[in-house]
Colleague: 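Before I ask anything, let me first share the structure, which is written out below as structure tokens.
Residue numbers start at 1 and run along the sequence shown. For the numbers below, each heavy atom of this structure counts, side chains included, while hydrogens, waters and symmetry mates do not. Each ligand, and each atom within it, is numbered from 1 in the order the structure gives.
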Amino acid sequence: MECRLYCGACCIAPSISSSFPLHPHGKKAGERCKQLTDDNLCKLFGKEERPDVCHDFKAAKWVCGEDSKQAIEILTELEYITA
Ligand code: SF4
Ligand code: SF4
């Protein structure tokens with residue numbers, strides 16, 4: 001599936017362990033990424049500083065659900081399972 005514009009769920013629910021601009025120690029699960037704009041777009045999109053994990057994450061129905069609320073729930077559960 002195509003990523004839903006203005007969703008932003010995968011920029012909030014999962015943790016990121018690598019260091020990147022504004023997050024020198026990575027990002028905790030459930031923490032809103034500081035690189036996410038108010039309308040939920042990535043300020044680092046297309047830039048070298050964007051974490052590899054963000055680049056590698058691909059939208060898929062089973063993880064993105066029907067809307068951002070559902071995506072947050074699924075991603076939070078996955079984060080819990082893989083913690
Ligand atoms: S959770 Fe899925 S649809 Fe939402 S921003 Fe991430 S990739 Fe896109
Ligand atoms: S760097 Fe961009 S894609 Fe990665 S979590 Fe932050 S806003 Fe989302």
Side-chain angles (χ1 to χ4, degrees):
M1 67 173 269
E2 288 288 314
C3 173
R4 271 187 310 267
L5 271 180
Y6 317 116
C7 166
C10 59
C11 307
I12 299 169
S15 60
I16 297 178
S17 55
S18 61
S19 168
F20 61 103
L22 302 181
H23 288 277
H25 306 294
K27 182 186 98 53
K28 290 186 194 134
E31 178 186 3
R32 184 183 174 84
C33 180
K34 291 174 183 157
Q35 297 293 349
L36 199 56
T37 63
D38 288 345
D39 53 358
N40 291 341
L41 297 174
C42 176
K43 292 181 209 168
L44 296 180
F45 191 82
K47 296 189 179 168
E48 205 174 296
E49 305 92 297
R50 192 174 186 231
D52 289 345
V53 68
C54 303
H55 179 74
D56 294 344
F57 188 90
K58 302 290 179 228
K61 192 102 182 171
W62 72 273
V63 67
C64 302
E66 296 294 335
D67 54 28
S68 57
K69 184 176 174 288
Q70 214 173 62
I72 291 267
E73 288 167 1
I74 296 167
L75 287 162
T76 300
E77 178 74 16
L78 286 173
E79 181 75 22
Y80 177 75
I81 291 168
T82 57

Colleague: Using a 4.0 Å cut-off to any heavy atom of G8, which atoms of ligand 1 qualify?
Modeller: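 Those of ligand 1 that fall under 4.0 Å from G8 are 5 (S).
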Colleague: What residue and heavy atom of the protein are closest to atom 4 (Fe) of ligand 2, and at what distance?
Modeller: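 Ranking protein heavy atoms by distance from atom 4 (Fe) of ligand 2, first comes C54 SG, 2.3 Å.
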Colleague: Taking the side chain as everything from C-beta on, heavy atoms only, tell me whether P14 gets closer than 4.5 Å to L78.
Modeller: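 Counting from C-beta outward, P14 and L78 never come under 4.5 Å.
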Colleague: Starting at CG of L75, measure out to CD of Q70 and round the result to the nearest 0.5 Å.
Modeller: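 Atom-to-atom, L75:CG and Q70:CD are 11.0 Å apart.
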Colleague: Just so I know, are the side chains of L44 and P21 near enough to count as touching, which here means a heavy-atom distance under 4.5 Å?
Modeller: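 Yes, close enough: below the 4.5 Å cut-off.
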Colleague: So, 4.0 Å and heavy atoms of S68: is ligand 1 close enough to count as a contact?
Modeller: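 Checking ligand 1 against S68, which is what was asked, there is no heavy-atom contact under 4.0 Å.
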Colleague: Nearest protein heavy-atom contact for atom 1 (S) of ligand 2: which residue, which atom, what distance?
Modeller: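 Here the nearest protein heavy atom works out to P51 CD, 3.7 Å.
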Colleague: Rounded to the nearest 0.5 Å, what separates atom SG in C54 from atom CZ in F45?
Modeller: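 One gets 11.0 Å once the value is rounded to the nearest 0.5 Å.
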Colleague: Pick out which of E79, E31, K28 makes a side chain to side chain donor-acceptor pair (under 3.5 Å) with S15.
Modeller: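 Exactly one pass, corresponding to E79.
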Colleague: Side chains of K27 and L22: does their closest heavy-atom pair fall under 4.5 Å?
Modeller: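 No, every pair of side-chain atoms sits at 4.5 Å or beyond.
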Colleague: Got the closest protein heavy atom to atom 3 (S) of ligand 1, with its distance?
Modeller: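 Checking every protein heavy atom, the shortest distance to atom 3 (S) of ligand 1 gives R4 N, 3.3 Å.
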Colleague: Could you pull out the closest heavy-atom pair between E49 and F20, with the gap in Å?
Modeller: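 Residues E49 and F20, closest heavy atoms: O-CB, 3.9 Å.
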Colleague: How long is the straight-line distance from NE2 of H23 back to SG of C33, given to the nearest 0.5 Å?
Modeller: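 Those atoms lie 4.0 Å apart.
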Colleague: Which ligand 1 atoms does A59 reach within 4.0 Å, using its non-hydrogen atoms?
Modeller: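 Counting from 1, the qualifying ligand atoms are 7 (S).
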Colleague: Could a heavy atom of I16 be found less than 4.0 Å from some atom of ligand 2?
Modeller: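 True for this residue.
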Colleague: Report yes or no: does C7 have an N/O/S atom closer than 2.8 Å to atom 6 (Fe) of ligand 1?
Modeller: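 Not a single backbone or side-chain N, O or S atom of C7 is under 2.8 Å from atom 6 (Fe) of ligand 1.
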Colleague: What protein heavy atom lies closest to atom 8 (Fe) of ligand 2? Include the residue and the distance to one decimal.
Modeller: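 Result: C11 SG, 2.3 Å.
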Colleague: Would C42 count as a contact for atom 2 (Fe) of ligand 2, in the sense that one of its N, O or S atoms lies under 2.8 Å from it?
Modeller: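 So C42 counts as coordinating atom 2 (Fe) of ligand 2, yes.
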Colleague: Tell me whether atom 8 (Fe) of ligand 2 has C33 as a neighbour, meaning an N, O or S atom of it below 2.8 Å.
Modeller: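 No, since none of the N, O or S atoms of C33 sits under 2.8 Å from atom 8 (Fe) of ligand 2.
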Colleague: May I ask you to identify, for K27, whether its side chain, its backbone, both or neither come under 4.0 Å of ligand 2 on a heavy-atom basis?
Modeller: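 Neither part.
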Colleague: Do side-chain atoms of R4 reach the backbone of C64 as a donor and acceptor pair under 3.5 angstrom?
Modeller: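 Yes.
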Colleague: Need the ligand 1 atom indices (1-based, order shown) with element for anything under 4.0 Å from a heavy-atom of C3.
Modeller: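 Result: 5 (S), 7 (S), 8 (Fe).
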Colleague: What's the shortest heavy-atom distance between T37 and K43, and which atoms?
Modeller: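 Answer, listing the atom of T37 first, then K43: CG2-CG, 3.6 Å.
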Colleague: Starting from atom 7 (S) of ligand 1, find the nearest protein heavy-atom neighbour and note its residue, name and distance.
Modeller: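 In this structure, atom 7 (S) of ligand 1 has F57 CE2, 3.5 Å as its nearest protein heavy atom.
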Colleague: Can you pull out the closest protein heavy atom to atom 6 (Fe) of ligand 1? Residue, atom name and distance to 0.1 Å, please.
Modeller: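 The closest heavy atom on the protein side is C10 SG, 2.3 Å.
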Colleague: List the closest protein heavy-atom neighbour of atom 2 (Fe) of ligand 1: residue, atom name, distance to the nearest 0.1 Å.
Modeller: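 For atom 2 (Fe) of ligand 1, the nearest protein heavy atom is C64 SG, 2.3 Å.
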